Amino acid sequence: MKHPVFRSEMNRAEKVFSCVTYAFDWVYRVLLEYAKVVLLVIIVIVSAQVFSRKVFGTSIRWSEEVALLLMVWTAFISMAIGVEKGLHIAIEMFFNRFPGKIRIAVTKINTFATFLFGLALVVYGGKLIGSTMSSTLPATQWPAGMLYLMMPVGGVFIMYFTFLSLFGLERFRHFDIEDGAADAPPEPLAAVSGKEADHV
């Protein structure tokens, strides 16, 4: 029977690392489901607000504030999703003219810079949450720091995906967690650049 976390041929260190990535991938799966649900929730809230304003001539006091909070949370999660899927905008006009080895080096530098960006989200996001928790949002009276709760979470997963990409460790991820998807991971940027280098 296939083990859900690691394969029998792995050594002890690889099994431990696979367990760590399994935990990360499970949490990431929860965030993916959250991102799907929250889009529907935002649509419902905004639609209810418009309907209430047009039909009853009154506004739902907390609607805009809650919708904004959910959109901010989703934005930080979407950053991590974009890093994992390689969806962020990149200008490759000059990059594609470089020799293969330089492209690989540039890709590694870009991945490391993205890792540092994730680290900044974790560090400064945590500080921002701490400094705003004593304030309250005007409509809901929730702590203002709640607006930034997903900032360090998004940073952690940006660091997670870029760390795996930097060291070629994507094979330890558990893609089967995502709706029974194939075990083969999406091809990382470094791998794509490596293939391009072989043709130079």
Side-chain angles (χ1 to χ4, degrees), residues 2-36 72-92 95 98 100-130 148-198:
K2 183 179 178 182
H3 198 283
V5 181
F6 48 76
R7 296 182 297 273
S8 58
E9 66 270 16
M10 289 180 174
N11 59 42
R12 182 174 297 179
E14 289 176 332
K15 288 180 178 179
V16 170
F17 190 74
S18 184
C19 289
V20 173
T21 58
Y22 188 79
F24 269 95
D25 289 335
W26 256 114
V27 175
Y28 180 63
R29 169 56 193 263
V30 172
L31 292 178
L32 285 177
E33 294 303 315
Y34 158 81
K36 296 175 185 177
V72 171
W73 283 8
T74 305
F76 286 112
I77 294 173
S78 298
M79 288 183 189
I81 295 173
V83 170
E84 186 220 5
K85 306 292 185 183
L87 299 177
H88 291 297
I89 296 174
I91 300 174
E92 298 183 343
F95 176 81
F98 294 151
K101 291 182 179 180
I102 294 180
R103 287 202 295 270
I104 294 173
V106 170
T107 299
K108 290 292 186 182
I109 293 171
N110 177 65
T111 304
F112 182 67
T114 306
F115 177 88
L116 294 179
F117 172 72
L119 179 61
L121 287 180
V122 173
V123 174
Y124 293 105
K127 291 181 179 180
L128 185 59
I129 292 170
Y148 311 105
L149 283 179
M150 287 297 168
M151 190 173 176
V153 174
V156 166
F157 279 93
I158 289 173
M159 293 172 65
Y160 170 62
F161 295 131
T162 51
F163 177 83
L164 295 181
S165 180
L166 274 173
F167 297 100
L169 299 174
E170 290 92 346
R171 67 185 184 278
F172 290 104
R173 288 201 59 201
H174 304 272
F175 294 94
D176 52 314
I177 291 175
E178 299 180 19
D179 291 326
D183 290 337
E187 203 165 25
L189 289 176
V192 173
S193 298
K195 287 184 178 180
E196 290 174 348
D198 292 339

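Note that the structure is predicted; figures quoted are calculated from it, not measured.
The distance from atom CD1 of I104 to atom CZ of F98, rounded to the nearest 0.5 Å, is 13.5 Å. Here the CG-CZ distance, from L32 to R29, works out to 7.0 Å after rounding to the nearest 0.5 Å. From H88, atom NE2 reaches atom CD1 of I158 across 6.0 Å, with rounding to the nearest 0.5 Å. Distance OG1/T107 to CD1/I102: 11.5 Å, rounded to 0.5 Å. Distance check: M79 CE to M151 CE gives 8.0 Å after rounding to the nearest 0.5 Å. With rounding to the nearest 0.5 angstrom, the OG1 atom of T74 is 8.5 Å from the CD1 atom of I81.
Applying the ring-ring contact (aromatic ring centres under 6.0 Å, His included) definition to pairs two or more places apart or across chains, none involves residues 100-129.
Heavy atoms only, all atoms of each residue included: G154 and A80 are closest at O-CB, 3.9 Å. Nearest heavy-atom pair across V122 and G155 is CG2-C, 3.6 Å. Residues K15 and M10 come closest through the heavy atom pair CE-O, 3.3 Å. The two residues F172 and T21 have their closest heavy-atom pair at O-OG1, 2.6 Å.
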**Item:** Derivation and outcome, side-chain contact (heavy atoms from CB on, under 4.5 Å), residues V30 and E33
**Value:** CA-CA 5 Å; V30 172; E33 294 303 315; 5.8 Å; no
**Message:** Would V27 and F157 count as a side-chain contact (heavy atoms from CB on, under 4.5 Å) here? Give the steps.
**Reply:** CA-CA 10 Å; V27 175; F157 279 93; 3.6 Å; yes
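A donor-acceptor pair under 3.5 Å is absent between the side-chain atoms of T162 and the main chain of T114, judged by distance alone. Put simply, the side chain of S165 never gets that close to the backbone of F161: no donor and acceptor are under 3.5 Å apart. Not one N or O on the side chain of H174 forms a donor-acceptor pair closer than 3.5 Å with the backbone of F24. Listed for the E14 side chain is a donor-acceptor partner under 3.5 Å among the backbone atoms of N11.
The shortest side-chain heavy-atom distance between R103 and V106 does not fall under the 4.5 Å cut-off. Counting heavy atoms from C-beta on, the side chains of L149 and F76 never come closer than 4.5 Å.
Between W73 and Y34, the ring planes are tilted. Angles from 30° to 60° get that label.
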